[in-house]
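First the structure, in the form of structure tokens, and then the observations on it.
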Amino acid sequence: MEPDEQQDLAQQAGEIFEVGQGLVGQAQAFIETLLRPWNAYQLIIALAVFALAHVVSRIVQPRLHNWMRTREGWPKWRLRILLVVHKRMRMIFFVALIWITVAIMREVTWPSRSYLIAGIANLALAWLIVTFATRLIANPFLRTVVRYGAWAWVTLRILGLTEQAEQLLDSVAIEIGEFRLSVWLVVQAAFILGVFFFVARFVSRTSAARIQANEDISPSMRVLVVKFIQIALYGVAFFVGLKAVGFDLSGLAVLSGAIGIGLGFGLQKVVSNLVSGIIILLDKSIKPGDVITVGETFGWINSLGARYVSITTRDGREYLIPNEDLITTQVVNWSHSNDFVRLDIFFGTAYGDNPHEVRKIAIDAAKSVDRVLTFQPPVCHIVGFGDSSVDYILRFWIKDPTGGLTNIRGNVYLALWDAFAEAGISIPFPQREVKMLEGSALGTKALD
């Protein structure tokens with residue numbers, strides 16, 4: 001290690017030691033202040049108020065819980081607020097009682113004799129407000145981090161230790177060339193980026209809800225616009241947050257070059273899927289709600305993602321098909337331009353049955369099935385003379401492929417079976433007749 005670096009480290013260690021000594025000195029002075037008689041009395045009063053709040057909350061909580069059970073018709077948001085109040089009942093009573101105590105003490109004694117208990121009341125109220133405010137954050141881990149961070153900042157603010165804490169965090173730093181990264185800078189960056197990302201998330205959710213509710217925009221275009229807005233908002237939040245902290249964005253040029261090389265070599269499939277997803281959204285070849293067949297997979301599209309398409313089949317399985325496969329392979333979209341689908345079924349009847357009557361009965365049987373369309377009537381044609389039957393094809397249309405294809409074919413077959421049975425029309429099947437020749441070993445054994 002060079003002498004200059006040793007000197008910088010020694011200077012940094014000295015600054016940390018000085019700031020730490022200052023904090024220790026303030027802590028000692030604060031403890032000595034607490035040991036004064038009247039301050040000790042205020043601590044005892046605060047502990048007594050906390051004990052009283054604990055007792056009152058233990059009495060009120062069960063009754064509030066039983067009352068909440070009777071509020072079945074209330075909206076969920078109101079019940080959630082009541083649940084948070086139920087969990088924080090002791091702190092709520094403590095804040096209310098401690099402020100009543102402060103008001104009484106300021107009336108009956110000097111303000112200096114209620115200074116400590118007023119500080120405790122301010123801390124308790126601030127912590128309670130932070131607890132309720134952080135409930136708006138859905139992510140549990142992020143909510144915990146923000147809550148404890150806000151508690152620490154509020155506590156330092158009320159105690160008047162923000163400058164000392166800032167100096168201590170700023171003294172712990174590492175230097176890379178001309179860039180100095182301190183703990184205080186990291187804390188500032190995390191806070192500012194968190195605020196920007198929260199705003200971006202709120203705006204993107206609000207915009208997405210309005211776009212999804214707009215029926216004038218096609219479903220695929222809605223997904224594309226929502227994805228574009230999310231990427232733009234989060235990107236702006238990231239760069240603006242870094243700029244607000246004081247980070248030099250010109251240093252990101254090297255990083256963007258490295259990312260470009262990585263995308264060119266190591267992330268070919270990822271980039272291919274991303275580009276394929278954009279193409280799918282632009283050409284509107286598939287959209288949420290369409291019924292498609294990809295290879296052996298038949299189902300309807302749940303959502304279009306940046307990397308894959310979610311398809312749910314009739315048996316409840318969800319397949320994640322890469323976007324690239326939907327571009328490079330054959331895809332059957334049963335509802336691309338419209339929802340009408342023509343289905344074919346094959347059957348045969350005996351040669352003794354009148355084919356004109358068979359065709360009429362088959363068409364009427366298909367029309368009797370609920371999902372078969374009548375304004376596009378079914379048709380029946382003879383397609384061949386088989387070994388043991390006259391072969392027919394029955395074609396009919398449906399408009400709801402999401403309801404399934406196999407089940408409608410089965411219903412039409414059942415309608416044909418019932419109609420043929422009622423009209424006396426038989427459905428032949430192959431039969432084999434075995435003859436034993438005279439003089440053969442098998443025939444001689446049978447005669448014996």
Side-chain angles (χ1 to χ4, degrees), residues 200-201 204-205 207-235 256 259-345 371 373 376 395-410:
R201 186 168 179 265
S204 66
R205 281 193 170 186
S207 304
R210 292 186 177 182
I211 292 172
Q212 294 294 347
N214 192 343
E215 299 294 338
D216 296 333
I217 306 176
S218 63
S220 58
M221 187 57 65
R222 292 179 211 162
V223 176
L224 179 62
V225 173
V226 169
K227 296 295 182 185
F228 177 78
I229 291 176
Q230 289 177 345
I231 293 173
L233 287 175
Y234 284 116
S256 61
I259 293 176
I261 295 175
L263 292 176
F265 290 98
L267 301 176
Q268 294 182 8
K269 285 294 184 181
V270 175
V271 176
S272 176
N273 286 319
L274 289 175
V275 175
S276 300
I278 295 175
I279 294 174
I280 290 173
L281 293 174
L282 289 175
D283 65 10
K284 305 177 184 179
S285 57
I286 60 174
K287 58 186 180 297
D290 281 353
V291 181
I292 66 173
T293 300
V294 183
E296 299 296 329
T297 304
F298 169 83
W300 57 88
I301 299 175
N302 281 334
S303 61
L304 301 177
R307 189 180 61 85
Y308 59 82
V309 172
S310 173
I311 299 176
T312 301
T313 60
R314 294 287 296 172
D315 55 2
R317 297 180 182 179
E318 186 171 2
Y319 291 86
L320 306 180
I321 309 297
N323 292 329
E324 184 183 8
D325 293 349
L326 299 175
I327 296 293
T328 58
T329 60
Q330 183 180 14
V331 178
V332 179
N333 192 338
W334 297 91
S335 54
H336 177 52
S337 57
N338 56 63
D339 293 330
F340 297 109
V341 176
R342 192 190 72 180
L343 300 178
D344 300 337
I345 62 173
R371 292 174 56 193
L373 300 180
Q376 290 184 338
R395 290 175 172 171
F396 56 92
W397 291 82
I398 63 172
K399 65 175 181 179
D400 55 346
T402 56
L405 305 179
T406 304
N407 54 1
I408 186 62
R409 287 193 181 100

Of the non-hydrogen atoms in Thr293 and Gly295, which two are nearest, and what is the gap between them? CG2-O, 3.6 Å

Nearest heavy-atom pair of Asn323 and Val309: which atoms, and what distance? OD1-CG2, 3.2 Å

If I take atom CD1 from residue Ile311 and atom CH2 from residue Trp300, how far apart are they, to the nearest 0.5 angstrom?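 One finds 11.5 Å between CD1 of Ile311 and CH2 of Trp300.
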
Working to the nearest 0.5 angstrom, can you tell me the gap between Leu304 CG and Asp290 CG?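 Interatomic distance, Leu304 CG to Asp290 CG, rounded to 0.5 Å: 8.5 Å.
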
Partner set under salt bridge (Lys or Arg N to Asp or Glu O under 4.0 Å) for Arg342, not counting sequence neighbours: Asp344

Answer yes or no: does atom CD of Glu318 have more than 12 heavy-atom neighbours from other residues, nucleotides or ligands under 6.0 Å? yes

Looking at residues at least two apart in the chain, or sitting in another chain, which of them share a side chain to side chain contact (heavy atoms under 4.5 Å, CB included) with Thr313?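 Partners of Thr313 under the side chain to side chain contact (heavy atoms under 4.5 Å, CB included) test: Thr297, Asp315, Arg317, Tyr319.
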
Can you list the residues that meet the side chain to side chain contact (heavy atoms under 4.5 Å, CB included) rule with Ile398, with sequence neighbours excluded? Val341, Leu343, Arg371, Phe396, Asp400, Leu405, Ile408

